[in-house]
Amino acid sequence: MKIAVENLNRVRANKELTYRDLSRMTGYSKNSIQKLLSYGNESKSRLDIVVSVCRALDIDFPSIFERGFGSYDKHGKLIYKCFDIDFDTEYYLKNFVNKVHIKISNHSHYYLKTVSGLSESTISDLLNFKTNNPRVETLLKIAKGLGISDSEIFR
């Protein structure tokens, strides 16, 4: 999540937006935005706020997890892949769950518990869509356990 926070802050600064600006654009409190974008963030943010901030900044959500995200033109303007308006939190969660199901097709939820360090109930709730707004940290632990890059798991 550290790379994602760095990328989000870089775009926010490049667009000269404040936490208050993002708060108005997303509908989340200034404190929630500030917490998400703080470098000490322990990845406790929920998927919906991260996707909303990406939408507000017009950034492709999966790309924020990539080092070397974006480049600068000769005028110092940041160039990056823009957000696809049709994609929302539900889309990214369904895509994530589908990829996990494919990756563990020959394994049980216990296997996923072992490789991710999460409880079986957390995994079961997530994979059965009983959790509709998980913490990004939870999703990244699963991706890491399965050996899938943070950006690829959401594509």
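This chain uses plain numbering: 1 for the first residue, then up along the sequence.
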Return the CG to CG distance between L57 and L22, rounded to the nearest 0.5 Å.
5.0 Å
Distance, nearest 0.5 Å, that separates CG of L139 from CZ of R46
10.0 Å
CD1/I33 to CE/M25 distance, rounded to the nearest 0.5 angstrom?
10.0 Å
Go through the steps to decide whether D58 and K15 satisfy the test side chain to side chain contact (heavy atoms under 4.5 Å, CB included), and finish with yes or no.
CA-CA 10 Å; D58 194 26; K15 291 187 171 207; 3.9 Å; yes
Side chain to side chain contact (heavy atoms under 4.5 Å, CB included) evaluation trace for I153 with I142
CA-CA 9 Å; I153 194 74; I142 291 171; 5.9 Å; no
Closest non-hydrogen atom pair between N7 and S63, with its separation:
ND2-O, 4.1 Å
T131 backbone acceptor or donor facing D125 side chain under 3.5 Å:
no
Decide side chain to side chain contact (heavy atoms under 4.5 Å, CB included) for R20 and R24; before the verdict, give the C-alpha distance in whole Å, the side-chain angles of both, and the deciding distance to 0.1 Å.
CA-CA 6 Å; R20 181 167 276 123; R24 283 188 211 115; 2.9 Å; yes
Looking only at atom types and distance, does a side-chain atom of N14 sit under 3.5 Å from a main-chain N or O of V11, one as donor and one as acceptor?
no
With the side chain counted from C-beta on, respond yes when R155 and D60 share a heavy-atom pair under 4.5 Å apart, and no when they do not.
yes
Between V136 and F65, is any pair of side-chain heavy atoms under 4.5 Å apart?
yes
When you measure from the side chain of N98 to the backbone N and O of K94, does any donor-acceptor pair fall under 3.5 Å?
yes
Where the side chain of T114 meets the backbone of Y110, is there a donor-acceptor pair that is under 3.5 Å apart?
yes
May I ask you to check whether F61 and F87 place their ring centres under 6.0 Å from each other?
no
Taking all atoms of both residues into account, what is the closest heavy-atom pair of S151 and P62, and its distance?
CB-O, 3.0 Å
In this structure, CD1 of I3 is separated from CG of D150 (nearest 0.5 Å) by 7.5 Å
Between atom CD1 of I148 and atom CZ of F154, what is the distance when rounded to the nearest 0.5 Å?
10.5 Å
Between F96 and L126, does the side chain to side chain contact (heavy atoms under 4.5 Å, CB included) criterion hold? Intermediate values first, please.
CA-CA 10 Å; F96 174 88; L126 183 65; 3.8 Å; yes
Distance-only donor-acceptor check, side chains N106 and Y111, under 3.5 Å:
no
Decide yes or no for L36 and M1: does some side-chain heavy atom of the first lie under 4.5 Å from some side-chain heavy atom of the second?
yes
K141 side chain vs G117 backbone, donor-acceptor pair below 3.5 Å:
no
Between S29 and S23, which heavy-atom pair has the shortest distance, and what is it?
C-OG, 3.6 Å
So which atom in T89 and which in V51 form the shortest heavy-atom distance, rounded to 0.1 Å?
OG1-CB, 3.8 Å
Taking the side chain as every heavy atom from C-beta outward, state whether L127 and L112 have any atom pair closer than 4.5 Å.
yes
Can you name the nearest heavy-atom pair linking T26 to S52, along with the distance?
CG2-O, 3.6 Å
Should we count NZ of K99 as having more than 12 external heavy atoms under 6.0 Å?
yes
For L37, is there any backbone N or O sitting under 3.5 Å from a side-chain donor or acceptor partner on N9?
yes
For E152, look at atom CD and say whether over 12 heavy atoms of other residues, nucleotides or ligands are found less than 6.0 Å away.
yes
To the nearest 0.5 Å, atom OG of S116 lies from atom CG of L146 at 8.0 Å
